[in-house]
Visitor: 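One structure coming up, written as C-alpha cells, with questions to follow.
Residue indices begin at 1 and follow the sequence shown. When a ligand or atom number is given, it counts from 1 through the structure's own listing order. Model, not experiment: these values are computed from the prediction.
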Amino acid sequence: MNQHSNVSAPVSAFEQRLEQCYNELKWLYHELYQDKGNAFDYFLSMLKSCYEGRKQSLRSLDEQRLAQPDWYRSNKLMGMMMYPSNFGGNLNGVRERLDYLEECGVNYLHLMPLLDSPEGKSDGGYAVSDFRKVRPDLGTMEDLEALADECHSKGIALCLDFVLNHTSEEHPWAKAAREGDPIARSRYFFYNDWVIPNEFEKTVPQVFPTTAPGSFTWLDDCQEIVMTSFYPFQWDLNYANPMVFNDMTENLLYLANRGMDVIRLDAVPYIWKELGTTCRNLPQVHTLVRMMHLACQIVCPGVLLLGEVVMEPAKVAPYFGTVEKPECDMLYNVTTMCTTWHTVATRNVHLLRHQMDQVCALPNTCLFQNYLRCHDDIGWGLDYKWLLEHYGQDEVSHKKYLNDWFTGKWPGSWSRGELYNDDPRLGDARLCGTTASLVGIETALAPDAPPQALEQAIACDMMLHAWMLTQSGIPVLYSGDEVGQLNDNDYHNDPLKADDSRYIHRGVFDWEMAEKRHTPGTVQNRIFYGLRKLEQIRAAHPVFRSDAQVWTWGGDDAVMGLERRFGGERLVGLFNFSEQTHKLNLGKGVAEDLLTGAAVWLDEVTLPGYGFYWLLLERS
Ligand code: GLC
C-alpha cells in the first residue's frame with residue numbers, strides 16, 4: 001500500500017504543468033548542454049520562483065486561456081504596432097490614449113522596445129542595457145504594469161519585444177566582460193585575434209552591410225574582438241553557455257509576469273552560432289525556442305511567443321514546431337508581405353498566388369501575423385528560383401527594378417520610399433517608407449498632381465489593407481497607417497537617426513492630422529472609416545477565422561483571388577493590383593458584396609483599378 005496516498009499535499013498548477021513537460025525539457029536541456037553541473041536544477045528552481053511571482057490576476061488569465069486555447073485565433077482580433085514615444089510620448093501617454101485604439105477597433109497592441117537602452121546606441125531600442133527597467137523617459141515598470149492592467153480591463157492583449165540575441169554594450173554583463181570578468185565574458189564571444197572572426201566572416205552574411213558592416217567589433221580598450229552581428233554596440237549572447245539561457249529565460253518570464261500577453265522573440269534565427277555556418281536557423285535555435293515555449297507553458301501558459309523570423313520562406317514555417325511540440329505560437333507573414341509589395345510594383349499576381357499556395361498548404365494551426373508595414377525595412381526575400389524559372393527574372397535586376405519603382409526613380413512611379421542598407425556588391429538594397437507614401441498618397445497630395453492620382457492612391461491603400469484582412473491570422477496595422485500617415489523626412493536632420501532610413505517610417509504620430517478623420521472626404525476620414533468597415537465585416541463573419549479553409553482562387557494576371565470556407569460560409573476575395581479595370585467571368589450565380597450588400601452576378605465581375613471585392617457566395 002502506498003503510505004503517502006492519504007497525506008499527499010495538493011499539487012499546485014506549477015507542479016502539474018512541470019510534470020507534463022519535465023521529461024522533454026530535461027531531455028532537450030541535457031542534449032544541448034550535456035549538463036554535468038547544476039544548471040538544469042537552477043533552471044527548474046528559477047521557473048518555480050517565476051511561477052510564485054506571478055500575480056493572481058495573471059494566473060486567472062492563464063486559466064481562462066487554457067480553457068479557451070484558441071482565443072488568439074479569432075476573427076475578432078485586430079492588431080496595431082507602435083513606438084510608445086511616437087504615439088503617446090510615454091507609457092502613461094499610451095494608457096491615456098487607449099480610447100483612440102478602441103475607436104480603431106484594436107484589441108492587440110504591440111509596443112515596440114521600451115526597455116532601458118542607451119541613447120544614440122540603441123538601434124530603436126533593440127540594444128537593451130537592463131531587461132528589468134523601462135527607459136526612463138518612457139516611464140517605469142509600474143507604469144508598464146498599469147498599462148497592461150488597463151489593457152486587460154479593456155480586452156486588449158499586449159505584446160512586447162524581447163531582444164534575446166544580444167545585449168547593449170552597456171548591459172552590466174557587457175560592462176563586467178569589458179573589465180575582464182571571466183564569467184561575464186563567457187556570456188559573449190570574445191577573441192584576442194582575428195583568426196576565428198575571419199573564419200566566421202567567410203560564411204556569415206552581413207545584417208547591416210552599409211550601416212554596420214561585418215559581424216565583429218574591435219574593442220580598443222580591451223584590445224580584443226567581440227561578436228556583434230547587428231550594430232557594434234549590440235553584443236551577441238553566447239547561448240552555448242547555459243547561464244545565458246537560464247538568465248535570459250528568467251528575463252522573458254519577468255516580462256511575462258508584468259502582464260505581457262505575447263512576447264516577440266526578436267531576431268530569433270540568429271541565437272546560435274557555429275563556425276562554418278551562416279549562423280542562422282541552426283537546429284539548436286529550435287531546441288532553445290522549444291525550451292522557452294515549455295518554460296512559458298509551465299509558468300505562464302496564457303502567454304504566447306511571436307517569432308521574428310525574417311527569412312526565406314522555407315526557413316520560416318519550421319519555427320512553428322509541430323502540433324505536439326510547438327515552438328512559436330505565431331510568426332510574421334514576412335514573405336507574403338514583401339511579395340505583396342512586389343505585386344504592387346509588377347501588377348502581376350502570379351508570384352503572390354504561388355506564395356499563397358504555400359501558406360494555404362500549411363496546417364491551419366500555423367498562425368501568422370499579417371502586416372503591410374512594420375518598423376523595419378522591406379527586405380526583398382522573394383522566391384527568386386520561381387521567378388527565374390517562370391519569368392526569367394534574375395534576383396539582382398529584379399531587386400533593382402523594385403527599388404527603382406518604390407523610390408520613384410522608375411518612369412511613372414508614384415512611390416516615395418528610400419533605400420536601406422544598399423549593398424552595391426550584391427545589388428541588395430532593401431526599402432523603407434510608410435504605406436501611404438509607398439502607394440502614392442504623398443505624391444498625389446503635391447499641388448501639381450492630377451486629381452485622379454489621389455483617388456488611385458487611396459484605392460490602392462484600401463485594396464492592400466483589404467488583402468491583408470483577408471489572409472488568415474492576426475492583421476496588424478502599423479500605427480499611423482489607419483490615417484494614411486506619410487513619410488517623416490525630418491529624420492535626415494537628426495544626427496542620431498540620419499544614417500538609418502528606417503526612421504523615415506518611424507515618425508511621431510500626428511494627432512492633429514488624425515483629427516481630420518472626423519471630417520468627411522479627407523484622406524484620413526476615407527482611410528480610417530474604410531478600414532473600420534472592413535474590420536467590422538471581418539469580425540462579424542466566421543469565414544475570416546484563422547481555422548477556416550483557404551485557397552487561392554480565380555482572378556487573372558493582375559487580380560488576386562482567395563477563397564475562404566468556414567461552417568456554411570463561403571467567401572471569395574478579389575484584389576486588382578493594377579490601375580486598369582478588369583472584368584472576370586467567375587461562372588454562374590450571384591453573390592453578395594459584403595461591403596455594399598449589393599448582388600453581384602458572377603459571370604461579369606468588374607473590378608476598377610485597385611478595386612477589390614469581398615463576395616459572399618454562401619452563408620450559414
Ligand atoms: C530585429 C528588429 C530590428 C533590429 C534587429 C536587431 O530584426 O526588428 O529593428 O534592428 O532585430 O535587434
Visitor: Within the 3.5 Å criterion, strictly below it, is a donor on Tyr420 or Asp376 matched to an acceptor on the partner's side chain?
Guide: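 Per modelled atom types, Tyr420 and Asp376 side chains form no pair under 3.5 Å.
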Visitor: For Thr249, what residues pass the side chain to side chain donor-acceptor pair (under 3.5 Å) criterion, not counting sequence neighbours?
Guide: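 Counting only residues at least two positions away or on another chain, Thr249 forms no side chain to side chain donor-acceptor pair (under 3.5 Å).
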Visitor: Just by distance, no angles: are the side chains of His505 and Asp488 close enough, under 3.5 Å, to form a donor-acceptor pair?
Guide: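 Per modelled atom types, His505 and Asp488 side chains form no pair under 3.5 Å.
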Visitor: Mind listing the N or O contacts between ligand 1 and protein, cut-off under 3.5 Å?
Guide:
{"unit_1": "ligand 1", "atom_1": "7 (O)", "unit_2": "Glu308", "atom_2": "OE1", "d": "3.1"}
{"unit_1": "ligand 1", "atom_1": "7 (O)", "unit_2": "Glu308", "atom_2": "OE2", "d": "2.9"}
{"unit_1": "ligand 1", "atom_1": "8 (O)", "unit_2": "Arg264", "atom_2": "NH2", "d": "3.1"}
{"unit_1": "ligand 1", "atom_1": "8 (O)", "unit_2": "Glu308", "atom_2": "OE2", "d": "3.3"}
{"unit_1": "ligand 1", "atom_1": "8 (O)", "unit_2": "His375", "atom_2": "NE2", "d": "2.8"}
{"unit_1": "ligand 1", "atom_1": "8 (O)", "unit_2": "Asp376", "atom_2": "OD2", "d": "2.4"}
{"unit_1": "ligand 1", "atom_1": "9 (O)", "unit_2": "His375", "atom_2": "NE2", "d": "3.1"}
{"unit_1": "ligand 1", "atom_1": "9 (O)", "unit_2": "Asp376", "atom_2": "OD1", "d": "2.7"}
{"unit_1": "ligand 1", "atom_1": "9 (O)", "unit_2": "Asp376", "atom_2": "OD2", "d": "3.4"}
{"unit_1": "ligand 1", "atom_1": "9 (O)", "unit_2": "Arg502", "atom_2": "NH1", "d": "3.2"}
{"unit_1": "ligand 1", "atom_1": "10 (O)", "unit_2": "Asp123", "atom_2": "OD1", "d": "3.3"}
{"unit_1": "ligand 1", "atom_1": "10 (O)", "unit_2": "Asp123", "atom_2": "OD2", "d": "2.7"}
{"unit_1": "ligand 1", "atom_1": "10 (O)", "unit_2": "Arg502", "atom_2": "NH1", "d": "3.1"}
{"unit_1": "ligand 1", "atom_1": "11 (O)", "unit_2": "Asp266", "atom_2": "OD1", "d": "2.9"}
{"unit_1": "ligand 1", "atom_1": "11 (O)", "unit_2": "Asp266", "atom_2": "OD2", "d": "3.1"}
{"unit_1": "ligand 1", "atom_1": "12 (O)", "unit_2": "His166", "atom_2": "NE2", "d": "3.0"}
{"unit_1": "ligand 1", "atom_1": "12 (O)", "unit_2": "Asp266", "atom_2": "OD2", "d": "3.0"}

Visitor: Quiz question: by atom type and distance under 3.5 Å, do the side chains of Asn246 and Tyr33 form a donor-acceptor pair?
Guide: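 No, no side-chain donor-acceptor contact under 3.5 Å.
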Visitor: When you look at His166 and Trp235, which way does the ring pair (Phe, Tyr, Trp, His ring centres under 6.0 Å) test go after all the steps?
Guide: CA-CA 5 Å; His166 42 259; Trp235 292 12; over 10 Å; no
Visitor: Where the side chain of Asn403 meets the backbone of Lys399, is there a donor-acceptor pair that is under 3.5 Å apart?
Guide: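 Yes, the answer is positive, given that a donor and an acceptor are paired below the 3.5 Å cut-off.
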